[in-house]
Amino acid sequence: MEFRFKSSTCIGEELVKSFNKDFKISFLSEGEHSEFTGGVTGTVKEIHVDKTFVLFQDYTSTDIESHTVQVAQNQPVFLLQYVLEGELHVALHEDASTALTLGKNLYTLFYIPKSTYVYKYTSDKCQVLNVYFTESFLESKMGTGILKSSKKYQKALKKDQPCSFFDDGLVINNQLRNIIKDLLTCSFESIIRQSYIESKLAELLLVSLTSNRSLGSRKKIRDEDKERVSSIEDYIRTNLKEDLTIEKLSQLAGFNTSKFKTVFKQVYGIPVFKYITSLRIEKATELILNHGYTIAQASYEVGYKNPQHFTVAFKRQLGYLPSTLLN
């Protein structure tokens, strides 16, 4: 198997990656690229473990008009693609008018046969996780049913054409964000690191393709409503210290409180207050572990006026006291 990546922002020739069949490898291989053209800063990290290859793009560009990546592959693969920041357009066909747009906080699963395709990035910030694997890996984790039951995939396979399993994209919920964070910030070394990364990739696949299985039977969410709720989710993340009431968030979204709570739960899978609590505990944990905050300081920084209330919420969600983090 061979992949060729040609970026308009990277210095030098195209990146050529050769793999054994089905991405098979007996060890962990990692690399990082940071040589970009003027106006672009950041990194592209690659991770290769048995049966999966990962590229994580994390960079900022001041020239978004010419920001493209061309990918050529000589074997069919599946690609789970998560847009954490930015927006991209994927031209999987020669007809550029059929390009799929994947916005911030969305992901999808692609089937891509032997082909050449182009990504165009339309925002200055790019943070995209790409997880490549083949049919054998997918079936080893989820069985044959997911592919046999997909009419879209069977049609694409018959015509030797690419397809996206979720054209509108699915929302990257907090559970998926935490898995991705764990994957990218793994601090283990040697064989433990390899095993941990492999387990996180398997978990990411399973959660991504099962947590939204009932989506087809749900009432379809309007794109406009999804965008409004996504913007509120951004607001919540950057304003955890504030008093985040349903009334305030509903007003910012332009919904009444009932509709806001309904749409938020449809998009993110859990009630808005439970989501906020989860984010607050996640942020407080980071402040305590990585920045030396006391429990009282951390609880205040994420919106709790009374540290005891934070301790109760922390214990209820994680099953142990925040003081455990200090040991």
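What you see below is based on every heavy atom in this structure, not just the backbone, and it leaves out hydrogens, waters and symmetry mates.
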Kindly work out whether a path of hydrophobic side-chain contacts (I/L/V/M/F/W/Y, heavy atoms less than 4.5 Å apart) joins F133 to L147. yes

Separation of L129 CG from L80 CG (nearest 0.5 Å): 8.5 Å

Checking side-chain polar atoms at under 3.5 Å, does Y111 have a donor or acceptor matched by the opposite partner on E135? no

Would you say the side-chain atoms of E32 pair up with the backbone N or O of V44, donor to acceptor, closer than 3.5 Å? no

Would you say that more than 12 heavy atoms from the other residues, nucleotides or ligands in this model lie under 6.0 Å from the CD1 of I192, or not? no

Under 3.5 Å, is there a donor-acceptor pair between the side chain of T238 and the main chain of D234? yes

Give a yes or no on whether the ring-centroid distance for Y121 and H89 is below 6.0 angstrom. no

What I want to check is whether the side chains of K274 and Y268 have a donor and an acceptor closer together than 3.5 Å. no

Please determine, by modelled atom types, if Y119 and Q70 share a side-chain donor-acceptor pair under 3.5 angstrom. no

Taking a hydrophobic cluster as the set of Ile, Leu, Val, Met, Phe, Trp and Tyr residues connected by side-chain heavy atoms closer than 4.5 Å, whether directly or through intermediates, do L138 and I25 fall within one such cluster? no

Would the F264 and Y275 ring centres measure less than 6.0 Å apart? yes

How far apart are the closest heavy atoms of V131 and L201, and which atoms are they? CG1-CD2, 4.1 Å

May I ask you to decide if K45's main-chain N or O and H33's side chain share a donor-acceptor pair within less than 3.5 Å? no

Test item: Q297 side-chain N/O and T294 main-chain N/O as donor-acceptor pair under 3.5 Å: yes

For Q251, I'd like to know if atom CD has over 12 heavy atoms of other residues, nucleotides or ligands within 6.0 Å. no

Quick check on the hydrophobic clustering: are I191 and Y196 connected, directly or via other members, by side-chain heavy-atom contacts under 4.5 Å? yes

So CG of L79 and CD of Q73: to nearest 0.5 Å the spacing works out to 8.5 Å

Would the number of heavy atoms belonging to other residues, nucleotides or ligands and lying under 6.0 Å from CD of E189 be above 12? no

For the residue pair T134 and D22, confirm or rule out a side-chain donor-acceptor distance under 3.5 Å. yes

Report yes if the distance between the aromatic ring centroids of F78 and F110 is under 6.0 Å, otherwise no. no

D50 side chain near F27 side chain, heavy-atom distance below 4.5 Å: no

With a 3.5 Å distance limit and no angle check, can you tell me whether E242 reaches the backbone of L244 through a side-chain donor-acceptor pair? no

Can you confirm whether more than 12 heavy atoms, excluding those of Q317, are under 6.0 Å from its CD atom? yes

Joint hydrophobic cluster, L183 plus L209, side-chain heavy atoms closer than 4.5 Å: yes

Tell me, do L205 and T52 make a side-chain contact under 4.5 Å, heavy atoms counted? no

Looking at V90 and L88, what are the two nearest heavy atoms and their distance? CG2-CD1, 3.1 Å

Is the closest side-chain donor-acceptor distance between Q57 and Y59 under 3.5 Å? yes

Step by step, work out the side-chain hydrogen bond (donor to acceptor under 3.5 Å, both in side chains) result for S208 and Y82. CA-CA 10 Å; S208 296; Y82 306 82; 2.6 Å; yes

All heavy atoms of K104 vs all of L84, minimum pair found to be CG-O, 3.6 Å

Same cluster (ILVMFWY, side-chain, under 4.5 Å), V16 and V71: no

I179 vs K200 side-chain heavy atoms within contact, under 4.5 Å: yes

Checking side-chain polar atoms at under 3.5 Å, does T60 have a donor or acceptor matched by the opposite partner on T41? no

Please determine which of E85, R177, K226 meets the side-chain hydrogen bond (donor to acceptor under 3.5 Å, both in side chains) test together with N105. R177

Taking the six-membered ring for Trp, are F255 and F260 parallel (under 30°), tilted (30 to 60°) or perpendicular (over 60°)? tilted

For a quick test of reading the model, state the closest non-hydrogen atom pair linking L287 to V302 and the distance between them. CD1-CG1, 4.4 Å

Quick one: does N173's side chain have a donor or acceptor within less than 3.5 Å of a partner on L176's backbone? yes

Decide if the gap between the ring center of Y304 and the ring center of Y300 is smaller than 6.0 angstrom. no

Using a strict threshold of under 4.0 Å (side-chain N to carboxylate O), is an ion pair present between K305 and D243? no

Report the C-alpha distance between I295 and F310 in whole Å, list the side-chain angles of each, state the deciding distance to 0.1 Å, and finish with yes or no for side-chain contact (heavy atoms from CB on, under 4.5 Å). CA-CA 9 Å; I295 292 172; F310 167 74; 4.0 Å; yes

Between K114 and D160, does any side-chain N to carboxylate O distance fall below 4.0 Å? no

For the atom pair CD (E198) and CD1 (I47), what is the distance rounded to the nearest 0.5 Å? 11.5 Å

Could you tell me whether E2 and R4 have a side-chain N and a carboxylate O separated by less than 4.0 Å? yes

Residues E30, R193: salt bridge by 4.0 Å N-O rule: yes

Establish, from distance only, whether the side-chain atoms of N174 and S278 form a donor-acceptor pair under 3.5 Å. yes

Is there a donor-acceptor contact under 3.5 Å from the side chain of S115 to the main chain of P113? yes

Are F314 and Y320 near enough that their ring centres are under 6.0 Å apart? yes

Between the main-chain N or O of G42 and the side-chain N or O of S34, is there a donor-acceptor pair closer than 3.5 Å? no

Distance in Å, M1 CE paired with K24 NZ, rounded so as to fall on 0.5 Å steps: 11.5 Å

State, to 0.1 Å, how close N239 and Y235 come at their nearest heavy-atom pair, and which atoms those are. ND2-O, 2.8 Å

Assess whether atom NZ of K241 is packed by more than 12 heavy atoms of other residues, nucleotides or ligands within 6.0 Å. yes

Go through it in stages, so that I can follow the logic: the residues are H48 and F19, the test is side-chain contact (heavy atoms from CB on, under 4.5 Å), and I'd like the CA-CA distance, side-chain angles, deciding distance and then a yes or no. CA-CA 10 Å; H48 185 193; F19 305 96; 3.5 Å; yes

Pick from L170, V83, V171, I172: which one makes a side chain to side chain contact (heavy atoms under 4.5 Å, CB included) with L106? V171

Between K17 and E46, does any side-chain N to carboxylate O distance fall below 4.0 Å? yes

Ignoring hydrogens and angles, tell me if any N or O in the side chain of S150 forms a donor-acceptor pair with the backbone of I146 under 3.5 Å. no

Heavy-atom nearest pair, T277 first then A313, reads CG2-CB, 4.3 Å

Derivation and outcome, side-chain contact (heavy atoms from CB on, under 4.5 Å), residues Q81 and L102: CA-CA 9 Å; Q81 189 167 62; L102 205 58; 4.1 Å; yes

Between T257 and L249, is the side-chain contact (heavy atoms from CB on, under 4.5 Å) condition met? List the steps. CA-CA 8 Å; T257 56; L249 297 176; over 6 Å; no

What's the separation between atom CG in L325 and atom CG in L289, rounded to the nearest 0.5 Å? 5.0 Å

Would you say the ring centers of F3 and Y132 fall short of 6.0 Å from each other? yes

Is atom NZ of K152 surrounded by more than 12 heavy atoms (other residues, nucleotides or ligands) closer than 6.0 Å? yes

